[in-house]
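What follows is a set of notes on a single structure, which appears directly below.
These numbers were taken from a predicted model, which means no experiment stands behind them. First the proteins, then the strands, lettered A, B, ... as listed; each starts at 1.
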Number of protein chains: 2
Amino acid sequence: MKDQPWWYGRLKESGARLTEPREIVLEILRSAREHLTATDIYIQAHRMKPSIGLTTVYRTLELLIKLGIVQKFELGEGKARFELVDKPGGEGHHHLVCLKCRKIIDYSDISNDEKEFLSRVEDRLKKKYDFKILDHLMWFYGVCRECRGS
Amino acid sequence: MKDQPWWYGRLKESGARLTEPREIVLEILRSAREHLTATDIYIQAHRMKPSIGLTTVYRTLELLIKLGIVQKFELGEGKARFELVDKPGGEGHHHLVCLKCRKIIDYSDISNDEKEFLSRVEDRLKKKYDFKILDHLMWFYGVCRECRGS
DNA sequence: GTATTTGCAAACTGTTTGCCTGGGC
DNA sequence: GCCCAGGCAAACAGTTTGCAAATAC
């Protein structure tokens, strides 16, 4: 009771049971440094408890998304990625895409300038469109040095 | 010659042939100016020329993406959406997505604040990663009023 | 004329569903 | 003990691939 993760209460109050597979999936998401695919999670979960199936991973993620504990992303790879909503300093992360070689650079070293700007924009959007902004993603498209060289 | 669409030259210089299916797909994208799925495009294309197959739509989109004429998005629906890249020198536009109902709002009324900020970031990225930035896209994720209400 | 592009069908991949068993409370 | 939750296999949906025929240049 003293040191339960923040999502514990949300699971409980929703009436969902706290099962071992769910704890394992949450633990994997908590310790993950980046966005994992369902299969990534399944592989790790399977190592921890071989009886866990891929279906359970999907159903657990679906539940966690519905409860607002997990967020789902797709980055154009044809498969989804998942992360805990509670990401520390959750400014989201940005992508730099080369239009020629399709290389993607993730960068998350967000400056104060960016933080301030984003909170201003989110404020504006909230007022104008009455959206409660939870996250954002920025994509920059360009041509990397190698591709410019050729 | 005087009034070709901006992407015409890019197709030509890539060595790709200007075929009827490609023209049709581009025309659909141009007049839609929205986020169409491959199937949406296929249905429209099929109406204009019934012999066009879904495969051709996918292959055409793949080519156009590689040439930087089209951008691909995935919004967690399990299928991709496609959009013509903004004309070079254009204003760009941003997206507001409701995480519950998946409604998308495009907004392009970009403030000076935003313009200045974006040019600062692009500058930073250019210096840091040596990318020549051509375009950017911002996505904001949130919950719209209707979905918050329920 | 020749290499690229197309269209069909079949293969693949990620995700979801049906159904029965197992486990949390 | 009652049901929710899990596991397997099969179904599904979107996308990709192999190959022969059509077509741009």
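- Ring pair Phe140(B)/His94(B) is tilted by interplanar angle, where 30° to 60° counts as tilted.
- A donor and an acceptor atom never sit less than 3.5 Å apart when one is taken from the side chain of Arg17(A) and the other from the base of dC25(C).
- Here Thr55(B) lies in heavy-atom contact (under 4.0 Å) with a base.
- At the heavy-atom level, Lys12(B) lies under 4.0 Å from the strands shown only through sugar-phosphate atoms.
- Atom CG in Leu11(B) sits roughly 14 Å away from atom C1' in dT4(C) (whole-Å rounding).
- Atom CG of Leu64(A) sits about 11.0 Å away from atom NZ of Lys66(A), to the nearest 0.5 Å.
- Going from atom CG of Leu18(B) over to atom P of dT4(C) covers 17 Å, rounded to whole Å.
- As judged by a 4.0 angstrom heavy-atom cut-off over every strand, Thr37(A) is placed among residues making no nucleic acid contact.
- Using a 4.0 Å heavy-atom distance criterion, Leu54(A) is classed as a base contact.
- Across the protein-nucleic acid pair, Phe82(B) atom CZ and dG14(D) atom P stand 12 Å apart, rounded to whole Å.
- Atom CG of Asp40(A) is separated from atom C1' of dT13(C) by 14 Å (rounded to the nearest Å).
- Residues Thr56(B) and Val25(B) are not in side-chain contact: their nearest non-hydrogen atoms beyond the backbone lie 4.5 Å or more apart.
- Remark: C1' of dC25(C) and CZ of Arg22(A) are 13 Å apart, rounded to the nearest angstrom.
- Rounded to whole Å, atom P of dT6(C) lies 11 Å from atom CG of Leu61(B).
- Here the shortest heavy-atom pairing between Lys72(B) and Ala80(B) reads CE-CB, 3.7 Å.
- Among the heavy atoms of the strands lying under 4.0 Å from Arg59(B) is at least one base atom, whether or not backbone atoms are also near.
- In this structure, Lys49(B) atom NZ and dG7(C) atom C1' are separated by 11 Å, rounded to whole Å.
- The separation between Tyr58(A) atom OH and dA10(D) atom P is 18 Å, rounded to whole Å.
- Close to dG7(D), at under 4.0 Å from its OP1 or OP2, lies a side-chain N or O of Thr56(A).
- In this structure, Ser51(A) reaches the sugar-phosphate backbone alone: every heavy-atom distance under 4.0 Å involves primed, P, OP1 or OP2 atoms, never a base.
- Of all nucleotides listed (dA5(D), dT15(C), dT15(D)), dT15(D) comes nearest to the side chain of Ala38(B).
- Between the side chain of Glu74(B) and the backbone N or O of Gly78(A), at least one donor-acceptor pair lies under 3.5 Å.
- Annotation: of the two residues near DNA chain D, Ala80(B) and Glu20(B), the 5′-most nearest-nucleotide partner is Ala80(B).
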